[in-house]
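Presented below is the structure to which this report refers.
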Amino acid sequence: CVILSSNASYAHIMIDRMVDVDIKVQSELWQAALADPAVTVGDAARSTCAWLGDRGDVAGELCIVLADNAFVQQLNRDYRGKDQPTNVLSFPSLEIHREIEPPHLGDVVLAFETIADEANQANLPLEGHTAHLVVHGILHLLGYDHANAEDATQMESLEAEILLGLGIEDPYADRPTTSGSGVSYG
C-alpha cells in the first residue's frame with residue numbers, strides 16, 4: 001500500500017491469482033458498523049477484478065484502505081487541493097509501479113462517516129453502498145472516469161453490472177440522467 005497508516009489492521013486476499021488485494025482498516029468505525037468489513041470489501045474487489053479480468057483488463061495488486069473522514073480529508077487536501085472529506089479516493093500507481101511484477105495498480109481509500117451518511121440519507125444498506133464505492137474506486141484505478149456524460153454512462157454501466165453479480169441493485173436505476181444522483185463521487 002502506498003497510502004500508509006500506522007495503526008491499521010490488515011487482511012490479504014488473493015483473487016484468482018490475477019489480483020492481490022490488501023485491505024487495511026485504518027478506522028475502527030468500519031469494524032463497529034459492518035459485521036466483517038474485509039468480507040464486504042473483499043467480495044466487491046473480487047467481483048470487480050474477476051469481471052474485468054475476464055476481459056483481460058486487470059492483473060497485479062491493489063490496496064484498499066478503510067479510513068475515517070479525517071484521514072481522507074487530509075489526503076484530499078494534500079493530493080487534490082480540496083480541504084474536505086469525500087466518500088472515495090483512488091490513487092492509480094505511477095507507470096513505474098506498473099512495470100514491476102506483479103504490478104501495483106494503486107490504492108483506494110474509503111471515508112467511513114461520509115459513506116455512512118450517504119447510505120443513511122439515500123436509505124441504502126451500508127454494506128451495499130460500501131461495495132459500490134469499492135467497485136467505483138477500482139474502476140478509477142484502471143482508467144475509467146466520469147468526467148463527461150459519455151464516460152460516466154460507461155462507468156456507471158460497468159458498476160451496475162458488477163454490483164448485480166453481488167446481488168446489489170443498480171444504484172443508478174432510478175436516476176433520470178447520468179449526473180442526477182444525490183451521491184457525489186470524488
Side-chain angles (χ1 to χ4, degrees), residues 1-11 13 19-31 33-34 37-38 40-45 47-49 52 58 60-98 103-122 124 126-148 151-152 155-156 158-159 162-163 171-172 179 181-186:
C1 233
V2 176
I3 304 297
L4 298 175
S5 176
S6 60
N7 37 331
S9 60
Y10 303 93
I13 298 172
V19 177
D20 228 353
V21 179
D22 284 321
I23 301 167
K24 301 187 187 291
V25 182
Q26 180 272 338
S27 171
E28 293 179 15
L29 294 170
W30 289 98
Q31 292 161 317
L34 297 176
T40 299
V41 169
D43 286 350
S47 292
T48 305
C49 294
L52 293 169
V58 62
E61 57 188 29
L62 62 94
C63 181
I64 299 172
V65 180
L66 300 176
D68 58 21
N69 274 3
F71 188 80
V72 171
Q73 180 171 348
Q74 180 180 345
L75 292 174
N76 206 19
R77 180 183 57 242
D78 293 350
Y79 292 97
R80 297 179 67 221
K82 297 181 178 185
D83 194 10
Q84 62 189 33
T86 188
N87 51 15
V88 60
L89 290 172
S90 294
F91 295 95
S93 287
L94 301 172
E95 275 306 310
I96 190 141
H97 295 284
R98 291 178 183 246
H104 182 72
L105 302 172
D107 299 342
V108 175
V109 186
L110 303 169
F112 178 79
E113 298 95 329
T114 298
I115 292 170
D117 287 347
E118 289 173 352
N120 186 46
Q121 290 173 13
L124 298 169
L126 180 59
E127 291 86 357
H129 191 47
T130 300
H132 177 199
L133 292 169
V134 169
V135 172
H136 185 87
I138 292 172
L139 289 176
H140 274 305
L141 292 183
L142 300 173
Y144 292 92
D145 206 351
H146 46 85
N148 62 54
D151 290 346
M155 187 170 178
E156 291 169 4
L158 288 173
E159 289 172 19
I162 293 165
L163 291 169
Y172 305 107
S179 61
S181 94
V183 178
S184 170
Y185 299 101

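All values below come from the heavy atoms of this structure, side chains included, with hydrogens, waters and symmetry mates left out. Numbers here are sequence positions counted from 1. Fair warning: this is a prediction, and the values are worked out from it, not measured in the lab.
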Suppose we screen for side-chain hydrogen bond (donor to acceptor under 3.5 Å, both in side chains). Which residues come up paired with Asp68, at least two apart in sequence or across chains?
none

Roughly how far, to the nearest 0.5 Å, is CD1 of Ile138 from CD1 of Ile162?
8.5 Å

Can you give me the closest heavy-atom contact between Ala45 and Val21, atom names plus distance?
CB-CG2, 4.1 Å

Audit row: Glu61, Leu105, side chain to side chain contact (heavy atoms under 4.5 Å, CB included) steps and yes/no:
CA-CA 6 Å; Glu61 57 188 29; Leu105 302 172; over 6 Å; no

What one should report as the nearest heavy-atom pair of Ala67 and Gln26 is CA-OE1, 3.1 Å

Any idea which heavy atoms bring Val88 and Gly137 closest together, and the distance?
CG2-CA, 4.2 Å

Side chain to side chain contact (heavy atoms under 4.5 Å, CB included) between Tyr144 and Asp151: does it pass, once the steps are laid out?
CA-CA 7 Å; Tyr144 292 92; Asp151 290 346; over 6 Å; no

Do you know the tightest heavy-atom contact between Thr130 and Ile115?
OG1-CG2, 3.8 Å

Output the distance between atom CD1 (Ile64) and atom CG (Asp107), rounded to the nearest 0.5 Å.
9.5 Å

When you measure from the side chain of Trp30 to the backbone N and O of Val25, does any donor-acceptor pair fall under 3.5 Å?
no

Using 0.5 Å steps for rounding, measure from the CG atom of Leu141 to the OG atom of Ser90.
5.0 Å

Nearest-0.5 Å distance that lies between atom CG in Leu110 and atom CZ in Phe112:
11.5 Å

Interatomic spacing from CG in Leu126 to CD in Glu118 - rounded to 0.5 Å:
10.5 Å

Please lay out, stage by stage, how Tyr172 and His132 fare under the test ring-ring contact (aromatic ring centres under 6.0 Å, His included).
CA-CA 11 Å; Tyr172 305 107; His132 177 199; 5.4 Å; yes

For Asp145, what residues pass the side chain to side chain contact (heavy atoms under 4.5 Å, CB included) criterion, not counting sequence neighbours?
His140, Ala147

Report the residues that fulfil side-chain hydrogen bond (donor to acceptor under 3.5 Å, both in side chains) with Thr40, sequence neighbours left out, ordered by chain and then residue number.
none

When rounded to the nearest 0.5 angstrom, what distance separates CG in Leu158 from CG in Leu52?
6.5 Å

Determine the interplanar angle of the His146 and His136 rings, folded into 0 to 90°, and report it as parallel if under 30°, tilted if 30 to 60°, perpendicular if over 60°.
tilted

Sorted by chain and residue number, the side chain to side chain contact (heavy atoms under 4.5 Å, CB included) partners of Pro85 (sequence neighbours excluded) come out as Asn69, Gln73, Thr114

Compare every heavy atom of Pro37 with every heavy atom of Leu34, then report the nearest pair and how far apart it is.
O-CD, 3.7 Å

For Asp83, what residues pass the salt bridge (charged side-chain N to carboxylate O under 4.0 Å, His left out) criterion, not counting sequence neighbours?
Arg77

Counterpart residues, side-chain hydrogen bond (donor to acceptor under 3.5 Å, both in side chains), relative to Asn120 (two or more places apart):
none

Intermediate values then yes/no, side chain to side chain contact (heavy atoms under 4.5 Å, CB included), Leu89 and Val108
CA-CA 6 Å; Leu89 290 172; Val108 175; over 6 Å; no

Has Glu28 got more than 12 heavy atoms of other residues, nucleotides or ligands less than 6.0 Å from its CD?
no

